[in-house]
Number of protein chains: 4
Amino acid sequence: MLSDSKQPIYIQIINDLKKQMASGKLCPGDKLLPVRDMALNYKVNPNTIQRSYQELERDGIITVQRGVGSFVTDDDSAIKEMKYQLGRIALEHFFDEMSSIGYNVKEIVYMVNEEGGKLNA
Amino acid sequence: MLSDSKQPIYIQIINDLKKQMASGKLCPGDKLLPVRDMALNYKVNPNTIQRSYQELERDGIITVQRGVGSFVTDDDSAIKEMKYQLGRIALEHFFDEMSSIGYNVKEIVYMVNEEGGKLNA
Amino acid sequence: MLSDSKQPIYIQIINDLKKQMASGKLCPGDKLLPVRDMALNYKVNPNTIQRSYQELERDGIITVQRGVGSFVTDDDSAIKEMKYQLGRIALEHFFDEMSSIGYNVKEIVYMVNEEGGKLNA
Amino acid sequence: MLSDSKQPIYIQIINDLKKQMASGKLCPGDKLLPVRDMALNYKVNPNTIQRSYQELERDGIITVQRGVGSFVTDDDSAIKEMKYQLGRIALEHFFDEMSSIGYNVKEIVYMVNEEGGKLNA
DNA sequence: GTGGTCTAGACCACA
DNA sequence: GTGGTCTAGACCACA
(Lines give C-alpha, C1' and ligand atoms only; values in the text may rest on other atoms or scores of the structure.)
Protein backbone atom coordinates (compact mmCIF):
# COMPACT_ATOMS: atom_id res chain seq x y z
CA MET A 1 0.00 0.00 0.00
CA LEU A 2 2.90 2.34 0.66
CA SER A 3 5.21 3.68 -1.99
CA ASP A 4 8.82 2.93 -2.68
CA SER A 5 10.21 6.20 -1.40
CA LYS A 6 12.90 6.50 1.20
CA GLN A 7 10.65 8.68 3.32
CA PRO A 8 9.93 7.40 6.82
CA ILE A 9 6.91 5.13 6.96
CA TYR A 10 5.04 7.46 9.31
CA ILE A 11 5.38 10.27 6.75
CA GLN A 12 4.19 8.04 3.94
CA ILE A 13 1.16 7.10 6.02
CA ILE A 14 0.48 10.76 6.79
CA ASN A 15 0.50 11.54 3.09
CA ASP A 16 -1.66 8.56 2.27
CA LEU A 17 -4.24 9.60 4.85
CA LYS A 18 -4.09 13.20 3.66
CA LYS A 19 -4.86 12.05 0.12
CA GLN A 20 -7.81 10.04 1.38
CA MET A 21 -9.13 13.14 3.10
CA ALA A 22 -8.40 15.44 0.18
CA SER A 23 -10.12 13.11 -2.26
CA GLY A 24 -13.16 12.57 -0.07
CA LYS A 25 -12.55 8.95 0.80
CA LEU A 26 -12.43 10.25 4.36
CA CYS A 27 -14.81 13.12 5.10
CA PRO A 28 -14.76 15.81 7.81
CA GLY A 29 -15.95 14.27 11.07
CA ASP A 30 -15.29 10.68 9.99
CA LYS A 31 -13.80 8.39 12.58
CA LEU A 32 -10.38 7.07 11.70
CA LEU A 33 -9.50 3.48 12.43
CA PRO A 34 -8.16 2.99 15.96
CA VAL A 35 -4.39 3.07 16.15
CA ARG A 36 -4.13 -0.70 16.47
CA ASP A 37 -6.48 -1.44 13.56
CA MET A 38 -4.81 1.09 11.32
CA ALA A 39 -1.51 -0.57 12.21
CA LEU A 40 -2.83 -3.92 11.02
CA ASN A 41 -4.12 -2.17 7.92
CA TYR A 42 -0.72 -0.79 6.97
CA LYS A 43 1.10 -3.75 8.48
CA VAL A 44 3.23 -1.58 10.72
CA ASN A 45 3.72 -1.22 14.45
CA PRO A 46 1.01 0.70 16.36
CA ASN A 47 3.67 3.17 17.51
CA THR A 48 4.22 4.19 13.92
CA ILE A 49 0.53 4.97 13.43
CA GLN A 50 0.55 6.78 16.75
CA ARG A 51 3.22 9.06 15.40
CA SER A 52 1.34 9.67 12.17
CA TYR A 53 -1.83 10.56 14.06
CA GLN A 54 0.06 12.91 16.35
CA GLU A 55 1.57 14.80 13.44
CA LEU A 56 -1.79 15.05 11.72
CA GLU A 57 -3.33 16.38 14.92
CA ARG A 58 -0.58 18.93 15.31
CA ASP A 59 -1.34 20.09 11.78
CA GLY A 60 -5.01 20.43 12.67
CA ILE A 61 -6.09 17.83 10.13
CA ILE A 62 -7.48 15.39 12.63
CA THR A 63 -8.62 15.61 16.25
CA VAL A 64 -7.73 12.96 18.80
CA GLN A 65 -9.96 12.26 21.77
CA ARG A 66 -8.24 10.11 24.32
CA GLY A 67 -10.27 7.05 25.16
CA VAL A 68 -12.69 7.78 22.37
CA GLY A 69 -10.99 7.79 19.02
CA SER A 70 -9.47 9.91 16.25
CA PHE A 71 -11.53 11.95 13.81
CA VAL A 72 -11.06 13.91 10.62
CA THR A 73 -11.38 17.58 11.54
CA ASP A 74 -14.79 19.18 11.09
CA ASP A 75 -13.07 22.19 9.59
CA ASP A 76 -13.85 21.93 5.88
CA SER A 77 -11.56 24.81 4.99
CA ALA A 78 -8.60 23.12 6.69
CA ILE A 79 -9.11 20.08 4.49
CA LYS A 80 -9.44 22.24 1.39
CA GLU A 81 -6.28 24.12 2.23
CA MET A 82 -4.45 20.83 2.74
CA LYS A 83 -5.74 19.51 -0.60
CA TYR A 84 -4.54 22.68 -2.30
CA GLN A 85 -1.09 22.30 -0.73
CA LEU A 86 -0.83 18.69 -1.89
CA GLY A 87 -1.76 19.84 -5.37
CA ARG A 88 0.81 22.62 -5.35
CA ILE A 89 3.56 20.24 -4.31
CA ALA A 90 2.67 17.76 -7.06
CA LEU A 91 2.43 20.58 -9.60
CA GLU A 92 5.79 22.06 -8.71
CA HIS A 93 7.43 18.67 -8.63
CA PHE A 94 6.04 17.97 -12.10
CA PHE A 95 7.32 21.23 -13.58
CA ASP A 96 10.74 20.62 -12.01
CA GLU A 97 10.86 17.09 -13.35
CA MET A 98 9.82 18.08 -16.88
CA SER A 99 12.26 20.95 -16.80
CA SER A 100 15.11 18.65 -15.85
CA ILE A 101 14.19 16.46 -18.82
CA GLY A 102 14.52 19.49 -21.06
CA TYR A 103 10.96 20.64 -21.63
CA ASN A 104 10.19 24.33 -21.36
CA VAL A 105 7.03 25.77 -19.84
CA LYS A 106 5.28 26.16 -23.15
CA GLU A 107 5.94 22.55 -24.08
CA ILE A 108 4.82 21.31 -20.69
CA VAL A 109 1.53 23.20 -20.92
CA TYR A 110 1.00 21.92 -24.44
CA MET A 111 1.58 18.31 -23.48
CA VAL A 112 -0.77 18.55 -20.51
CA ASN A 113 -3.52 20.06 -22.64
CA GLU A 114 -3.07 17.30 -25.22
CA GLU A 115 -3.21 14.64 -22.52
CA GLY A 116 -6.22 16.29 -20.91
CA GLY A 117 -8.05 16.32 -24.21
CA LYS A 118 -7.35 12.65 -24.78
CA LEU A 119 -8.44 11.65 -21.27
CA ASN A 120 -11.68 13.58 -21.55
CA ALA A 121 -12.52 12.35 -25.04
CA MET B 1 22.44 14.42 -6.61
CA LEU B 2 20.37 11.23 -6.62
CA SER B 3 16.72 11.05 -5.75
CA ASP B 4 15.02 9.79 -2.63
CA SER B 5 13.59 6.65 -4.18
CA LYS B 6 14.40 3.14 -3.14
CA GLN B 7 15.36 2.22 -6.72
CA PRO B 8 18.75 0.59 -7.19
CA ILE B 9 21.46 3.19 -7.49
CA TYR B 10 22.49 2.11 -11.00
CA ILE B 11 18.92 2.77 -12.16
CA GLN B 12 18.92 6.19 -10.55
CA ILE B 13 22.18 6.99 -12.34
CA ILE B 14 20.78 5.78 -15.66
CA ASN B 15 17.85 8.14 -15.27
CA ASP B 16 20.09 11.00 -14.31
CA LEU B 17 22.27 10.49 -17.37
CA LYS B 18 19.21 10.14 -19.57
CA LYS B 19 17.95 13.50 -18.34
CA GLN B 20 21.28 15.08 -19.11
CA MET B 21 21.09 13.74 -22.65
CA ALA B 22 17.44 14.66 -23.08
CA SER B 23 18.03 18.20 -21.88
CA GLY B 24 21.12 18.71 -23.98
CA LYS B 25 23.66 18.85 -21.19
CA LEU B 26 25.12 15.83 -22.96
CA CYS B 27 24.86 15.94 -26.75
CA PRO B 28 24.95 13.20 -29.38
CA GLY B 29 28.54 12.10 -29.87
CA ASP B 30 29.76 13.55 -26.56
CA LYS B 31 32.26 11.49 -24.64
CA LEU B 32 31.01 10.33 -21.25
CA LEU B 33 33.31 10.46 -18.24
CA PRO B 34 35.39 7.29 -17.81
CA VAL B 35 33.80 4.79 -15.47
CA ARG B 36 36.21 5.59 -12.63
CA ASP B 37 35.71 9.36 -12.88
CA MET B 38 31.97 9.00 -13.11
CA ALA B 39 32.14 6.78 -10.04
CA LEU B 40 33.91 9.52 -8.11
CA ASN B 41 31.34 11.97 -9.42
CA TYR B 42 28.42 10.00 -8.03
CA LYS B 43 30.40 8.70 -5.04
CA VAL B 44 29.61 5.11 -5.88
CA ASN B 45 31.54 1.98 -6.71
CA PRO B 46 32.88 1.84 -10.32
CA ASN B 47 31.01 -1.43 -10.79
CA THR B 48 27.78 0.47 -10.33
CA ILE B 49 28.65 2.88 -13.15
CA GLN B 50 29.75 -0.08 -15.27
CA ARG B 51 26.30 -1.53 -14.92
CA SER B 52 24.59 1.78 -15.74
CA TYR B 53 26.68 2.15 -18.92
CA GLN B 54 25.89 -1.44 -19.94
CA GLU B 55 22.16 -0.82 -19.62
CA LEU B 56 22.37 2.45 -21.53
CA GLU B 57 24.30 0.71 -24.29
CA ARG B 58 21.73 -2.10 -24.47
CA ASP B 59 19.06 0.59 -24.93
CA GLY B 60 21.05 2.11 -27.76
CA ILE B 61 21.49 5.41 -25.91
CA ILE B 62 25.26 5.24 -25.66
CA THR B 63 28.01 3.27 -27.36
CA VAL B 64 30.87 1.75 -25.42
CA GLN B 65 34.20 1.26 -27.24
CA ARG B 66 36.63 -0.80 -25.21
CA GLY B 67 39.89 0.98 -24.71
CA VAL B 68 38.52 4.22 -26.16
CA GLY B 69 35.60 5.38 -24.07
CA SER B 70 31.84 5.69 -23.94
CA PHE B 71 29.86 8.09 -26.13
CA VAL B 72 26.35 9.43 -26.39
CA THR B 73 24.80 7.87 -29.51
CA ASP B 74 24.95 9.87 -32.74
CA ASP B 75 21.36 8.87 -33.39
CA ASP B 76 19.39 12.07 -32.78
CA SER B 77 16.05 10.34 -33.13
CA ALA B 78 16.97 7.79 -30.44
CA ILE B 79 17.63 10.63 -28.01
CA LYS B 80 14.39 12.34 -28.98
CA GLU B 81 12.43 9.16 -28.49
CA MET B 82 14.03 8.66 -25.11
CA LYS B 83 13.22 12.24 -24.12
CA TYR B 84 9.63 11.71 -25.17
CA GLN B 85 9.39 8.55 -23.08
CA LEU B 86 10.76 10.33 -20.01
CA GLY B 87 8.19 13.06 -20.56
CA ARG B 88 5.35 10.55 -20.90
CA ILE B 89 6.32 8.83 -17.67
CA ALA B 90 6.46 12.13 -15.79
CA LEU B 91 3.17 13.24 -17.34
CA GLU B 92 1.35 10.06 -16.43
CA HIS B 93 2.79 10.02 -12.96
CA PHE B 94 1.60 13.59 -12.48
CA PHE B 95 -1.94 12.83 -13.61
CA ASP B 96 -2.05 9.79 -11.35
CA GLU B 97 -0.77 11.78 -8.41
CA MET B 98 -3.22 14.64 -8.89
CA SER B 99 -6.02 12.17 -9.36
CA SER B 100 -5.20 10.44 -6.10
CA ILE B 101 -5.36 13.82 -4.36
CA GLY B 102 -8.87 14.24 -5.75
CA TYR B 103 -8.41 16.54 -8.74
CA ASN B 104 -10.19 15.65 -11.98
CA VAL B 105 -8.71 16.06 -15.46
CA LYS B 106 -10.36 19.42 -16.03
CA GLU B 107 -8.98 20.81 -12.78
CA ILE B 108 -5.52 19.46 -13.49
CA VAL B 109 -5.42 21.06 -16.93
CA TYR B 110 -6.68 24.32 -15.48
CA MET B 111 -4.05 24.40 -12.75
CA VAL B 112 -1.24 23.66 -15.20
CA ASN B 113 -2.37 26.43 -17.54
CA GLU B 114 -2.53 28.85 -14.61
CA GLU B 115 0.94 27.85 -13.44
CA GLY B 116 2.30 28.03 -16.99
CA GLY B 117 0.88 31.52 -17.37
CA LYS B 118 2.48 32.67 -14.15
CA LEU B 119 5.86 31.14 -15.00
CA ASN B 120 5.88 32.78 -18.41
CA ALA B 121 4.70 36.16 -17.20
CA MET C 1 -10.40 18.22 41.09
CA LEU C 2 -7.15 16.66 42.29
CA SER C 3 -3.73 17.75 41.15
CA ASP C 4 -1.31 16.14 38.76
CA SER C 5 1.18 15.09 41.39
CA LYS C 6 2.16 11.56 42.18
CA GLN C 7 1.34 12.07 45.85
CA PRO C 8 -0.98 9.50 47.41
CA ILE C 9 -4.59 10.41 46.83
CA TYR C 10 -5.41 10.71 50.54
CA ILE C 11 -2.69 13.37 50.85
CA GLN C 12 -4.06 15.29 47.87
CA ILE C 13 -7.51 15.22 49.47
CA ILE C 14 -6.10 16.44 52.78
CA ASN C 15 -4.52 19.39 51.03
CA ASP C 16 -7.69 20.13 49.12
CA LEU C 17 -9.74 20.14 52.32
CA LYS C 18 -7.14 22.27 54.08
CA LYS C 19 -7.40 24.86 51.30
CA GLN C 20 -11.15 24.93 51.65
CA MET C 21 -10.77 25.58 55.36
CA ALA C 22 -8.00 28.13 54.94
CA SER C 23 -9.97 30.05 52.31
CA GLY C 24 -13.18 30.00 54.28
CA LYS C 25 -15.16 27.69 52.05
CA LEU C 26 -15.33 25.52 55.16
CA CYS C 27 -15.58 27.44 58.43
CA PRO C 28 -14.75 26.48 62.02
CA GLY C 29 -17.50 24.24 63.35
CA ASP C 30 -18.83 23.32 59.90
CA LYS C 31 -19.89 19.74 59.41
CA LEU C 32 -17.89 17.86 56.83
CA LEU C 33 -19.59 15.54 54.37
CA PRO C 34 -19.97 11.99 55.68
CA VAL C 35 -17.16 9.71 54.56
CA ARG C 36 -19.33 7.95 51.99
CA ASP C 37 -20.61 11.18 50.42
CA MET C 38 -17.16 12.71 50.35
CA ALA C 39 -15.93 9.53 48.66
CA LEU C 40 -18.52 9.95 45.92
CA ASN C 41 -17.52 13.59 45.67
CA TYR C 42 -13.87 12.76 45.01
CA LYS C 43 -14.69 9.53 43.20
CA VAL C 44 -12.47 7.49 45.48
CA ASN C 45 -12.88 4.60 47.86
CA PRO C 46 -14.44 5.51 51.28
CA ASN C 47 -11.35 4.04 52.95
CA THR C 48 -9.29 6.77 51.32
CA ILE C 49 -11.49 9.50 52.81
CA GLN C 50 -11.39 7.70 56.14
CA ARG C 51 -7.62 7.99 56.10
CA SER C 52 -7.70 11.67 55.13
CA TYR C 53 -10.09 12.45 57.99
CA GLN C 54 -7.89 10.54 60.43
CA GLU C 55 -4.84 12.55 59.46
CA LEU C 56 -6.71 15.83 59.69
CA GLU C 57 -7.96 14.90 63.14
CA ARG C 58 -4.46 13.96 64.27
CA ASP C 59 -3.36 17.43 63.14
CA GLY C 60 -6.15 18.98 65.19
CA ILE C 61 -7.79 20.51 62.11
CA ILE C 62 -11.01 18.54 62.40
CA THR C 63 -12.75 16.57 65.11
CA VAL C 64 -14.39 13.24 64.44
CA GLN C 65 -17.35 12.20 66.63
CA ARG C 66 -18.33 8.59 66.07
CA GLY C 67 -21.97 8.27 65.20
CA VAL C 68 -22.37 12.03 64.82
CA GLY C 69 -20.04 13.28 62.13
CA SER C 70 -16.82 15.15 61.42
CA PHE C 71 -16.42 18.86 62.03
CA VAL C 72 -13.95 21.59 61.27
CA THR C 73 -12.22 22.51 64.54
CA ASP C 74 -13.63 25.45 66.48
CA ASP C 75 -10.09 26.61 67.13
CA ASP C 76 -9.69 29.65 64.89
CA SER C 77 -6.00 29.99 65.60
CA ALA C 78 -5.36 26.40 64.50
CA ILE C 79 -6.92 27.17 61.16
CA LYS C 80 -4.96 30.38 60.83
CA GLU C 81 -1.72 28.60 61.62
CA MET C 82 -2.53 25.97 59.03
CA LYS C 83 -3.30 28.64 56.44
CA TYR C 84 0.00 30.32 57.21
CA GLN C 85 1.86 27.04 56.78
CA LEU C 86 0.22 26.40 53.42
CA GLY C 87 1.21 29.89 52.36
CA ARG C 88 4.81 29.40 53.46
CA ILE C 89 5.08 26.17 51.51
CA ALA C 90 3.72 27.80 48.35
CA LEU C 91 5.95 30.81 48.84
CA GLU C 92 9.10 28.78 49.28
CA HIS C 93 8.25 26.52 46.39
CA PHE C 94 7.75 29.60 44.22
CA PHE C 95 11.10 31.13 45.15
CA ASP C 96 12.82 27.79 44.51
CA GLU C 97 11.14 27.41 41.16
CA MET C 98 11.96 30.93 40.01
CA SER C 99 15.51 30.51 41.22
CA SER C 100 15.94 27.32 39.21
CA ILE C 101 14.77 29.23 36.14
CA GLY C 102 17.50 31.76 36.76
CA TYR C 103 15.73 34.68 38.44
CA ASN C 104 17.31 36.26 41.50
CA VAL C 105 15.41 37.49 44.53
CA LYS C 106 15.29 41.09 43.32
CA GLU C 107 13.84 40.05 39.99
CA ILE C 108 11.29 37.78 41.62
CA VAL C 109 10.09 40.53 43.93
CA TYR C 110 9.90 42.97 41.02
CA MET C 111 7.85 40.59 38.89
CA VAL C 112 5.41 39.86 41.71
CA ASN C 113 4.90 43.57 42.38
CA GLU C 114 4.29 44.17 38.68
CA GLU C 115 1.81 41.31 38.52
CA GLY C 116 0.12 42.44 41.70
CA GLY C 117 -0.24 45.94 40.29
CA LYS C 118 -1.80 44.63 37.12
CA LEU C 119 -4.21 42.35 38.97
CA ASN C 120 -5.36 45.14 41.26
CA ALA C 121 -5.71 47.73 38.51
CA MET D 1 16.71 14.19 39.11
CA LEU D 2 13.17 14.38 37.80
CA SER D 3 10.21 15.56 39.82
CA ASP D 4 7.28 13.64 41.17
CA SER D 5 4.71 14.98 38.74
CA LYS D 6 2.48 12.85 36.61
CA GLN D 7 3.74 14.60 33.50
CA PRO D 8 5.36 12.36 30.88
CA ILE D 9 9.06 11.91 31.45
CA TYR D 10 9.96 13.48 28.11
CA ILE D 11 8.09 16.65 29.14
CA GLN D 12 9.83 16.74 32.50
CA ILE D 13 13.18 16.43 30.73
CA ILE D 14 12.23 19.21 28.32
CA ASN D 15 11.43 21.48 31.24
CA ASP D 16 14.59 20.53 33.07
CA LEU D 17 16.72 21.33 30.02
CA LYS D 18 14.83 24.57 29.48
CA LYS D 19 15.62 25.62 33.02
CA GLN D 20 19.28 24.83 32.48
CA MET D 21 19.26 27.05 29.40
CA ALA D 22 17.24 29.80 31.04
CA SER D 23 19.53 29.89 34.06
CA GLY D 24 22.70 29.85 32.02
CA LYS D 25 23.91 26.37 32.95
CA LEU D 26 23.62 25.72 29.22
CA CYS D 27 24.52 28.66 26.99
CA PRO D 28 23.60 29.51 23.38
CA GLY D 29 25.70 27.38 21.06
CA ASP D 30 26.61 24.81 23.72
CA LYS D 31 26.62 21.19 22.62
CA LEU D 32 24.08 19.04 24.39
CA LEU D 33 25.00 15.55 25.47
CA PRO D 34 24.44 12.97 22.72
CA VAL D 35 21.09 11.25 22.94
CA ARG D 36 22.58 8.09 24.39
CA ASP D 37 24.66 9.88 27.02
CA MET D 38 21.78 12.10 28.05
CA ALA D 39 19.71 8.93 28.39
CA LEU D 40 22.24 7.48 30.81
CA ASN D 41 22.27 10.80 32.62
CA TYR D 42 18.52 10.77 33.23
CA LYS D 43 18.39 6.98 33.44
CA VAL D 44 15.80 6.70 30.71
CA ASN D 45 15.62 5.08 27.31
CA PRO D 46 17.38 6.92 24.46
CA ASN D 47 14.05 7.10 22.62
CA THR D 48 12.69 9.26 25.41
CA ILE D 49 15.54 11.74 25.07
CA GLN D 50 15.10 11.63 21.30
CA ARG D 51 11.56 12.79 21.77
CA SER D 52 12.57 15.57 24.15
CA TYR D 53 15.20 16.83 21.71
CA GLN D 54 12.73 16.74 18.83
CA GLU D 55 10.21 18.84 20.75
CA LEU D 56 12.88 21.32 21.76
CA GLU D 57 14.02 21.60 18.16
CA ARG D 58 10.46 22.14 16.98
CA ASP D 59 10.23 24.98 19.49
CA GLY D 60 13.43 26.49 18.11
CA ILE D 61 15.27 26.13 21.43
CA ILE D 62 17.88 23.73 20.14
CA THR D 63 19.19 22.77 16.71
CA VAL D 64 19.90 19.20 15.75
CA GLN D 65 22.53 18.32 13.17
CA ARG D 66 22.25 14.75 12.10
CA GLY D 67 25.50 12.88 12.52
CA VAL D 68 27.03 15.82 14.36
CA GLY D 69 25.11 16.58 17.52
CA SER D 70 22.51 18.77 19.17
CA PHE D 71 23.14 22.36 20.20
CA VAL D 72 21.48 25.10 22.17
CA THR D 73 20.22 27.66 19.67
CA ASP D 74 22.48 30.64 18.96
CA ASP D 75 19.42 32.86 19.14
CA ASP D 76 19.80 34.68 22.44
CA SER D 77 16.38 36.27 22.18
CA ALA D 78 14.72 32.86 21.78
CA ILE D 79 16.29 31.75 25.05
CA LYS D 80 15.24 34.96 26.78
CA GLU D 81 11.70 34.60 25.55
CA MET D 82 11.61 31.01 26.79
CA LYS D 83 12.95 32.08 30.19
CA TYR D 84 10.27 34.75 30.39
CA GLN D 85 7.58 32.20 29.57
CA LEU D 86 8.83 29.82 32.27
CA GLY D 87 8.73 32.69 34.72
CA ARG D 88 5.20 33.68 33.72
CA ILE D 89 3.95 30.13 34.21
CA ALA D 90 5.55 29.88 37.65
CA LEU D 91 4.20 33.30 38.59
CA GLU D 92 0.68 32.53 37.53
CA HIS D 93 0.74 29.16 39.18
CA PHE D 94 1.88 30.81 42.40
CA PHE D 95 -0.88 33.41 42.37
CA ASP D 96 -3.45 30.70 41.66
CA GLU D 97 -2.14 28.54 44.48
CA MET D 98 -2.07 31.37 47.00
CA SER D 99 -5.52 32.45 45.91
CA SER D 100 -6.91 28.95 46.45
CA ILE D 101 -5.44 29.03 49.96
CA GLY D 102 -7.36 32.23 50.59
CA TYR D 103 -4.78 34.98 50.19
CA ASN D 104 -5.74 38.05 48.15
CA VAL D 105 -3.40 39.87 45.79
CA LYS D 106 -2.42 42.48 48.36
CA GLU D 107 -1.48 39.84 50.89
CA ILE D 108 0.48 37.84 48.32
CA VAL D 109 2.50 40.87 47.30
CA TYR D 110 3.14 41.75 50.94
CA MET D 111 4.36 38.25 51.78
CA VAL D 112 6.69 38.15 48.78
CA ASN D 113 8.20 41.52 49.67
CA GLU D 114 8.74 40.35 53.25
CA GLU D 115 10.36 37.14 52.07
CA GLY D 116 12.47 39.01 49.52
CA GLY D 117 13.67 41.38 52.24
CA LYS D 118 14.65 38.51 54.49
CA LEU D 119 16.47 36.63 51.72
CA ASN D 120 18.44 39.71 50.73
CA ALA D 121 19.29 40.69 54.28
C1' DG E 1 30.04 8.83 16.39
C1' DT E 2 25.45 10.88 16.27
C1' DG E 3 20.74 11.33 15.29
C1' DG E 4 16.34 8.93 13.06
C1' DT E 5 13.14 5.24 12.49
C1' DC E 6 10.95 1.12 13.57
C1' DT E 7 9.37 -3.08 15.98
C1' DA E 8 7.67 -5.81 19.93
C1' DG E 9 5.54 -5.49 23.81
C1' DA E 10 4.24 -3.66 28.41
C1' DC E 11 1.55 -0.68 31.14
C1' DC E 12 -1.06 3.50 32.09
C1' DA E 13 -5.01 7.06 31.63
C1' DC E 14 -9.50 8.21 30.32
C1' DA E 15 -14.31 7.05 29.18
C1' DG F 1 -12.03 0.16 24.03
C1' DT F 2 -8.86 3.84 22.68
C1' DG F 3 -5.01 6.74 22.84
C1' DG F 4 -0.28 7.88 25.37
C1' DT F 5 4.14 6.71 27.17
C1' DC F 6 8.06 4.02 27.84
C1' DT F 7 11.62 0.41 27.40
C1' DA F 8 14.80 -2.70 24.97
C1' DG F 9 16.97 -3.27 21.15
C1' DA F 10 17.81 -3.36 16.10
C1' DC F 11 19.17 -1.10 12.02
C1' DC F 12 19.74 2.87 9.01
C1' DA F 13 21.60 7.60 7.35
C1' DC F 14 24.91 11.08 7.49
C1' DA F 15 29.55 12.88 8.48
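We name chains A, B, ... by the order of the sequence lines, and we start the count at 1 in each one. Being a predicted model, the structure only gives us computed values, none of them experimental. All heavy atoms count here, side chains included; hydrogens, waters and symmetry mates do not.
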Checklist line | Length of the CG-P vector between L40(A) and dG1(F), whole Å | finding: 14 Å
Checklist line | K43(C) NZ to dC14(E) P, straight-line distance once rounded to whole Å | finding: 12 Å
Next item on the list: Could you state the atom-to-atom distance from OH of Y10(A) to P of dG4(E) in whole Å?
Entry: 9 Å
Next item on the list: Give the rounded distance in Å between these two atoms: CD1 of I9(A) and P of dC11(F).
Entry: 15 Å
Margin query: What's the separation between atom CG in L56(A) and atom OG1 in T63(A), rounded to the nearest 0.5 Å?
Written below: 11.0 Å
Next item on the list: Establish whether the base of dG3(E) is bridged to the side chain of R36(D) by a donor-acceptor pair shorter than 3.5 Å.
Entry: yes
Check: Would you call R88(D)-E115(C) a salt bridge at under 4.0 Å N-O?
Finding: yes
Note to self: Quick check on DNA chain E: between V35(D) and P8(A), whose nearest nucleotide comes earlier from the 5' end?
What the structure shows: V35(D)
Check: Can you tell me if the side-chain N/O atoms of S70(A) get under 4.0 Å from OP1 or OP2 in dT2(F)?
Finding: no
Next item on the list: Would you check if the side chain of K83(A) reaches a backbone N or O of S23(A) as a donor-acceptor pair within less than 3.5 Å?
Entry: no
Item checked: Nearest-Å distance for atom pair CD/P, residues Q7(D) and dC6(F) -> 10 Å
Next item on the list: Output yes when a side-chain donor or acceptor of E107(C) lies under 3.5 Å from a complementary backbone atom of N104(C), and no otherwise.
Entry: yes
Notebook entry, point to check: Between the side chain of S52(A) and the main-chain N/O of Y10(A), is any donor-acceptor distance below 3.5 Å?
Noted result: yes
Check: Under 4.5 Å between any side-chain heavy atoms of I62(D) and M21(D), yes or no?
Finding: yes
Next item on the list: Measure from CZ on R66(D) to C1' on dC12(F) and round the result to the nearest Å.
Entry: 8 Å
Check: So, does D59(D) use its side chain to make a donor-acceptor pair with the main chain of I61(D) at under 3.5 Å?
Finding: no
Item checked: For atom CD1 of I11(A) and atom C1' of dC12(F), their distance in whole Å -> 16 Å
Notebook entry, point to check: Under a 4.0 Å heavy-atom cut-off, which of residues 45-64 of chain D touch DNA chain F?
Noted result: N45(D), N47(D), T48(D), R51(D)
Notebook entry, point to check: So, does N15(B) use its side chain to make a donor-acceptor pair with the main chain of Q12(B) at under 3.5 Å?
Noted result: no
Checklist line | Relative orientation of the end axes in the helix from dG1(E)-dC14(F) to dC14(E)-dG1(F), expressed as an angle to the nearest 10° (five pairs per end) | finding: 20°
Check: Whole-Å distance between dT7(E) C1' and Y42(A) OH?
Finding: 18 Å
Notebook entry, point to check: Is it true that a side-chain atom of Q20(B) and a backbone atom of L26(B) form a donor plus acceptor pair closer than 3.5 Å?
Noted result: no
